[in-house]
Amino acid sequence: MDQTNTKIEYQTADGVAFITLCDARANTYSYEMMQQLDRAILDTRMDDAVQVIVITGKGEKFFCAGADIQMLANVTPAFKYYFCLHANETLNRLEQTPKLVIAAINGHCVGGGLEVAMAADIRIARKGAGKMGLPEVSLGVLPGTGGTQRLVRIVGKSKAIELMATGELFGFERGVELGIVNRIFEAETGERFVEMVREYASQFTTPKKAAHAVGRIKRAVQTGSEISFESALALERELQQQLFQSEDAREGLQAYVEQRPPQFKGR
């Protein structure tokens, strides 16, 4: 990665990878940022030491304010199309990676920023840190990085249409009511919020959790919800069969028989 044009920060520790969006203008994303995000997602996939992925924004004001509007205003229609296509492919990769993904919403999360967050499995917001919503209609366009499709799957058709057609921005508490936000953490500083998210994420890592089982639960839900029920049950059986052959399954079953806490190894 070109360190002179770094748009994300990537760090791993104790089974948790932190991907931090860090564009100074409000963590807006460009083609360069999406390329770097794509690379980081692939790196987390291939790193056996990474069991949970956290995506967040740098600073305390913005998680992500969406796409760089100034950039979009100065490129060709063809570039805009391929930019959106690549962004869709990147977020699909994030969503389909068989490791738990947590969006740590540390500030305003609007437009494409909310589209990034909705590609995560769990969304945690810092209390009072900002607003969220999909206001693209005010620019004469629609949410073009998966927003129309992911929002409807979270809140339902009628509410999704209303939220996008009005372009309403709302607080994180409203996000909880809608099912967009899973939890709100009250933290005095941004640094404390990151610590709290790290503590939360650690519960899904070994030895406390069978990380492969968590990843397969995600895979069964993400893929199964988009196919027929019978096909989804077949996928569930296949994933379960894989887990039955794992060391962690043997450890979990043996620990239950011996009435002791299991010590998972992620294998």
Side-chain angles (χ1 to χ4, degrees), residues 1-3 6-22 33-58 86 88-104 116-124 182 194-226 232 234-256 258 260-267:
M1 186 182 296
D2 181 3
Q3 296 300 318
T6 300
K7 300 294 184 180
I8 69 161
E9 296 174 355
Y10 179 72
Q11 298 176 324
T12 65
D14 302 321
V16 180
F18 264 79
I19 299 174
T20 305
L21 310 179
C22 59
M33 179 186 280
M34 274 295 164
Q35 286 179 297
Q36 293 176 27
L37 177 59
D38 207 0
R39 179 70 261 170
I41 292 166
L42 290 171
D43 287 345
T44 62
R45 278 190 176 188
M46 302 302 291
D47 188 344
D48 289 340
V50 172
Q51 298 171 341
V52 179
I53 302 164
V54 175
I55 184 164
T56 191
K58 192 173 182 66
H86 177 253
N88 269 306
E89 292 167 338
T90 298
L91 296 184
N92 284 345
R93 236 186 298 284
L94 182 68
E95 190 173 60
Q96 293 300 322
T97 294
K99 298 181 181 184
L100 192 70
V101 179
I102 300 170
V116 172
M118 287 193 296
D121 305 304
I122 296 172
R123 286 165 290 280
I124 297 172
N182 294 78
V194 169
E195 290 175 7
M196 293 174 74
V197 172
R198 189 183 299 278
E199 291 167 6
Y200 176 82
S202 70
Q203 71 180 293
F204 302 106
T205 64
T206 54
K208 289 170 280 190
K209 276 286 193 306
H212 280 184
V214 173
R216 272 44 181 193
I217 289 170
K218 167 184 175 168
R219 181 111 169 85
V221 172
Q222 291 287 12
T223 300
S225 62
E226 301 298 327
L235 172 65
E236 182 184 83
R237 290 192 298 273
E238 180 64 29
L239 293 172
Q240 183 74 298
Q241 181 62 20
Q242 293 174 16
L243 290 172
F244 275 145
Q245 299 177 51
S246 69
E247 289 185 30
D248 279 351
R250 289 192 291 273
E251 165 63 9
L253 294 169
Q254 189 63 33
Y256 179 85
E258 296 174 0
R260 60 174 174 80
Q263 293 294 305
F264 297 114
K265 298 180 179 178
R267 297 196 293 265

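In what follows, every heavy atom counts, from backbone to side chain, and hydrogens, waters and symmetry copies are set aside. Bear in mind the structure is a predicted one, so any value in this text is a computation, not a measurement.
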Can you tell me how far apart [atom1] ([X]) and [atom2] ([Y]) are? Round to the nearest 0.5 Å.
{"X": "Gln36", "Y": "Ile19", "atom1": "CD", "atom2": "CD1", "value": "11.5 Å"}
{"X": "Leu42", "Y": "Arg93", "atom1": "CG", "atom2": "CZ", "value": "5.0 Å"}
{"X": "Ile41", "Y": "Leu94", "atom1": "CD1", "atom2": "CG", "value": "4.5 Å"}
{"X": "Leu91", "Y": "Ile55", "atom1": "CG", "atom2": "CD1", "value": "8.0 Å"}

Quick one: does [X]'s side chain get under 4.5 Å of [Y]'s, heavy atoms only?
{"X": "Ile124", "Y": "Met196", "value": "no"}
{"X": "Leu239", "Y": "Gln242", "value": "yes"}
{"X": "Asp43", "Y": "Arg39", "value": "yes"}
{"X": "His86", "Y": "Gln35", "value": "yes"}

Taking all heavy atoms of [X] and all of [Y], pick out the closest pair and write down the distance.
{"X": "Ile102", "Y": "Val197", "answer": "CG2-CG1, 4.4 Å"}
{"X": "Thr6", "Y": "Cys22", "answer": "O-SG, 4.0 Å"}
{"X": "Gly252", "Y": "Pro262", "answer": "CA-CB, 4.3 Å"}
{"X": "Thr206", "Y": "Lys265", "answer": "CG2-C, 3.6 Å"}
{"X": "Ala17", "Y": "Val50", "answer": "CB-CG1, 3.7 Å"}
{"X": "Asp248", "Y": "Phe264", "answer": "O-CE2, 3.3 Å"}

May I ask you to say whether Glu238 pairs ionically with Arg216, meaning some side-chain N is under 4.0 Å from a carboxylate O?
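No salt bridge links Glu238 with Arg216.
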
Are Glu9 and Lys58 within salt-bridge range, i.e. N to O under 4.0 Å?
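Looking at Glu9 and Lys58, the cut-off is met.
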
Is the number of heavy atoms from other residues, nucleotides or ligands within 6.0 Å of CG (Asp47) greater than 12?
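Yes, because the 6.0 Å sphere around CG of Asp47 holds more than 12 heavy atoms from other groups.
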
[X] (side chain) donor-acceptor with [Y] (main chain) under 3.5 angstrom:
{"X": "Ser225", "Y": "Gln222", "result": "yes"}
{"X": "Lys99", "Y": "Thr44", "result": "yes"}
{"X": "Gln203", "Y": "Tyr200", "result": "yes"}
{"X": "Gln51", "Y": "Ala211", "result": "no"}
{"X": "Arg219", "Y": "Pro98", "result": "no"}

Dump the intermediate steps for side-chain contact (heavy atoms from CB on, under 4.5 Å) on Glu95 and Val101, then the final yes or no.
CA-CA 8 Å; Glu95 190 173 60; Val101 179; over 6 Å; no

Checking side-chain contact (heavy atoms from CB on, under 4.5 Å) for the pair Lys7/Leu37: CA distance, chi angles, key distance, verdict?
CA-CA 8 Å; Lys7 300 294 184 180; Leu37 177 59; over 6 Å; no

Among Arg250, Glu251, Glu258, the one residue meeting side-chain hydrogen bond (donor to acceptor under 3.5 Å, both in side chains) with Gln254
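The option that passes is Glu258.
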
Give the C-alpha distance, both sets of side-chain angles, the deciding distance and a yes or no for side-chain contact (heavy atoms from CB on, under 4.5 Å) between Arg198 and Val54.
CA-CA 8 Å; Arg198 189 183 299 278; Val54 175; over 6 Å; no

Does Lys208 form a side-chain contact (heavy atoms from CB on, under 4.5 Å) with Gln263? I'd like the steps, not just the answer.
CA-CA 7 Å; Lys208 289 170 280 190; Gln263 293 294 305; over 6 Å; no

